[in-house]
Every structure is written in C-alpha cells, then in structure tokens.
S.K.: 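Shown below is the structure under consideration.
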Amino acid sequence: MSLRRSVIAHLRDHVPTVGGRVFQAFLAPATTMPPFITVKLSSRLGETLGQQQVECYLYAAQTSFVALDVLEQEVINALHRRELVDMETGWRYILRYASSAGDAVDVERKLINRVITFTTASAVGV
C-alpha cells in the first residue's frame, strides 16, 4: 500500500536519529541495532470517514526512556500535519497525531518501546 511506503520513506528521510532504520511492522531483522522504528497500518476508522490509522513503534536500548521521549518528539514533528507523497503513485496523505501509548518492554528483543498513533484521510491522487 502506498500509505505505508510513504510513511516509511518520510521517516527515513526526516528522523536522522534512527539512521534510516525504519521497517514494516514485524519485519525488522532481529539483528537491527536500536534505535529503530516499525510502521503498521491498523484498522480503518469507518468506510464513510475514509480514515486510516498508522502506528509507529519506536524501539530503543534498555538504558533510558528519555531516548524514547526524544525519538517520539522527532517522529511527531516529522509526521504531524505534514503532507506525504508516494513517489510511485503520486498519492498524497496528511497525517495527524492521535495518541501515544505508555512505555513498554519488548522482552524478546530486550528493548524498550512505545507506540505513536496517527490518522490520515483517504489518499488524494494527482
């Protein structure tokens, strides 16, 4: 889907802290060094509303949640009220910050994480 592709590309270009380490949800290699981000498209918010939720999972080393605080702000600054364009389709999206979940621990990866949710309306073609 072009929305996912657009968000991943935009985060790779606008969140230098992760050094381009932005992946589709569940597809980050086990050897990926933190910090990194994964992107998941979650439920649509009703067909009549035409909105889609985008979840950004932020991961950092288990040293301090302050690193997640900084990364969270960088991601919000990169995506909130920004126009993203899918270079393959020309479709445009404007994301809006919706919420942030609390701190969590990814026991399997031995990392700390947080989820940030954005919403966007249906795409507009050119």
Side-chain angles (χ1 to χ4, degrees):
M1 176 172 229
S2 59
L3 173 58
R4 183 188 332 266
R5 184 172 45 235
S6 299
V7 171
I8 290 171
H10 193 81
L11 290 172
R12 284 180 177 159
D13 290 345
H14 293 90
V15 182
T17 300
V18 297
R21 293 182 303 276
V22 183
F23 306 93
Q24 294 179 39
F26 313 111
L27 299 181
T31 57
T32 303
M33 296 299 297
F36 65 92
I37 302 168
T38 64
V39 175
K40 177 183 175 191
L41 299 185
S42 57
S43 61
R44 290 190 185 272
L45 302 175
E47 290 302 315
T48 56
L49 292 177
Q51 292 185 333
Q52 174 77 53
Q53 285 188 325
V54 177
E55 296 176 350
C56 297
Y57 289 75
L58 316 180
Y59 292 88
Q62 283 186 314
T63 54
S64 170
F65 281 94
V66 172
L68 282 179
D69 297 340
V70 171
L71 184 54
E72 175 184 24
Q73 194 57 55
E74 288 181 27
V75 171
I76 292 170
N77 290 344
L79 294 178
H80 180 62
R81 294 186 177 197
R82 305 286 184 219
E83 183 179 71
L84 281 60
V85 179
D86 179 51
M87 300 314 276
E88 290 186 31
T89 64
W91 287 27
R92 300 174 183 278
Y93 306 91
I94 297 177
L95 279 74
R96 297 204 188 283
Y97 170 75
S99 65
S100 297
D103 299 333
V105 176
D106 184 324
V107 177
E108 186 176 308
R109 286 186 180 254
K110 298 180 181 172
L111 299 172
I112 54 177
N113 69 339
R114 182 176 301 152
V115 181
I116 306 174
T117 303
F118 296 86
T119 59
T120 185
S122 296
V124 177
V126 284

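Nothing fancy with the numbering, it's 1 onward along the sequence.
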S.K.: Honestly curious: do Met87 and Ile94 fall in one hydrophobic cluster under the side-chain, below-4.5 Å linking rule?
M.R.: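 Different clusters.
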S.K.: Is any side-chain heavy atom of Leu3 less than 4.5 Å from a side-chain heavy atom of Thr120?
M.R.: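 Side chain of Leu3 against side chain of Thr120, heavy atoms only: contact under 4.5 Å found.
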S.K.: Specify the closest pair of heavy atoms between Met33 and Arg21, including all atoms of both residues, with the distance to one decimal.
M.R.: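 Answer, listing the atom of Met33 first, then Arg21: O-NE, 2.9 Å.
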S.K.: Is there a chain of hydrophobic side chains (I, L, V, M, F, W, Y, each step under 4.5 Å between heavy atoms) that links Val22 to Ile76?
M.R.: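 Val22 and Ile76: one cluster.
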S.K.: Taking atom CD of Glu72 and atom CZ of Arg114, what is their separation to the nearest 0.5 Å?
M.R.: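 If we round to the nearest 0.5 Å, Glu72:CD and Arg114:CZ are 4.5 Å apart.
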S.K.: Could you report the tightest heavy-atom contact between Tyr59 and Asp106, atom names first, then the distance?
M.R.: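 For Tyr59 versus Asp106, the nearest heavy atoms are CE2-OD2, 3.5 Å.
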S.K.: For His14 versus Ala78, what's the shortest heavy-atom pair and its separation?
M.R.: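 Heavy-atom minimum between the residues: CB-CB, 4.0 Å.
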S.K.: Step by step, work out the side-chain contact (heavy atoms from CB on, under 4.5 Å) result for Lys40 and Val115.
M.R.: CA-CA 10 Å; Lys40 177 183 175 191; Val115 181; over 6 Å; no
S.K.: Any non-hydrogen side-chain atom of Ile37 less than 4.5 Å from a side-chain atom of Ile8?
M.R.: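 A side-chain contact is absent here, since even the closest heavy-atom pair is not under 4.5 Å.
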S.K.: For Ile112 and Ser64, work out which heavy atoms get closest and say how close.
M.R.: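 So the minimum-distance heavy-atom pair works out to CD1-O, 3.4 Å.
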S.K.: Are Leu41 and Tyr57 joined in one hydrophobic group, where the rule is that I, L, V, M, F, W and Y side chains link up if heavy atoms are under 4.5 Å apart?
M.R.: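 Each belongs to a different hydrophobic cluster.
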S.K.: Show your working on side-chain contact (heavy atoms from CB on, under 4.5 Å) between Val54 and Val39 and close with a plain yes or no.
M.R.: CA-CA 7 Å; Val54 177; Val39 175; 4.0 Å; yes
S.K.: What is the distance from atom CZ of Phe118 to atom CD of Gln52, rounded to the nearest 0.5 Å?
M.R.: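 With rounding to 0.5 Å, CZ (Phe118) is 14.0 Å from CD (Gln52).
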S.K.: Indicate the ring-plane relationship of Tyr93 and Trp91, choosing parallel, tilted or perpendicular according to the 30° and 60° boundaries.
M.R.: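 Ring orientation, 0 to 90° scale: tilted.
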S.K.: In the structure I gave you, are the side-chain heavy atoms of Val7 and Leu95 within less than 4.5 Å of one another anywhere?
M.R.: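 Yes. Closest side-chain heavy atoms under 4.5 Å.
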S.K.: Nearest 0.5 Å, please: how far is CZ in Arg81 from CZ in Arg96?
M.R.: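 Here the interatomic distance stands at 5.0 Å.
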S.K.: Between Pro29 and Arg109, what is the shortest heavy-atom contact and its length?
M.R.: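 Heavy-atom minimum between the residues: O-NH1, 3.3 Å.
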S.K.: Going hydrophobic residue to hydrophobic residue with side-chain gaps under 4.5 angstrom, can you get from Leu71 over to Phe36?
M.R.: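 Per the 4.5 Å side-chain linkage, Leu71 and Phe36 are not co-clustered.
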S.K.: Within this structure, what is the CG-OG1 distance for the pair Leu111 and Thr63, rounded to the nearest 0.5 Å?
M.R.: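 One finds 10.0 Å between CG of Leu111 and OG1 of Thr63.
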S.K.: Looking only at atom types and distance, does a side-chain atom of Glu55 sit under 3.5 Å from a main-chain N or O of Ile116, one as donor and one as acceptor?
M.R.: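 Answer holds: no.
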S.K.: Hey, quick one: are Tyr97 and Val15 part of the same hydrophobic cluster, counting side-chain heavy atoms closer than 4.5 Å, chains of contacts allowed?
M.R.: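 Yes; tracing contacts between hydrophobic side chains, which count when under 4.5 Å, links both residues.
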S.K.: Please determine, by modelled atom types, if Asp69 and Gln73 share a side-chain donor-acceptor pair under 3.5 angstrom.
M.R.: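 Gln73 and Asp69 do not have a side-chain donor-acceptor pair below 3.5 Å.
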S.K.: Which pair of heavy atoms, one from Ala104 and one from Phe65, lies closest together, and at what distance?
M.R.: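 In terms of heavy atoms, the two residues are closest at O-CE2, 4.0 Å.
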S.K.: Would a distance-only check, ignoring hydrogens and angles, find a side-chain to backbone donor-acceptor pair under 3.5 Å from Arg92 to Glu83?
M.R.: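 No, the answer is negative, given that no donor and acceptor are paired below the 3.5 Å cut-off.
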S.K.: Measuring from atom CG of Leu58 to atom OG of Ser100, what distance do you get when rounded to the nearest 0.5 angstrom?
M.R.: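 Answer for the CG-OG pair, Leu58 versus Ser100, is 8.0 Å.
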S.K.: Atom OG1 of Thr32 and atom CG of Leu27: how far apart are they, to the nearest 0.5 Å?
M.R.: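 Answer rounded to 0.5 Å: 10.5 Å.
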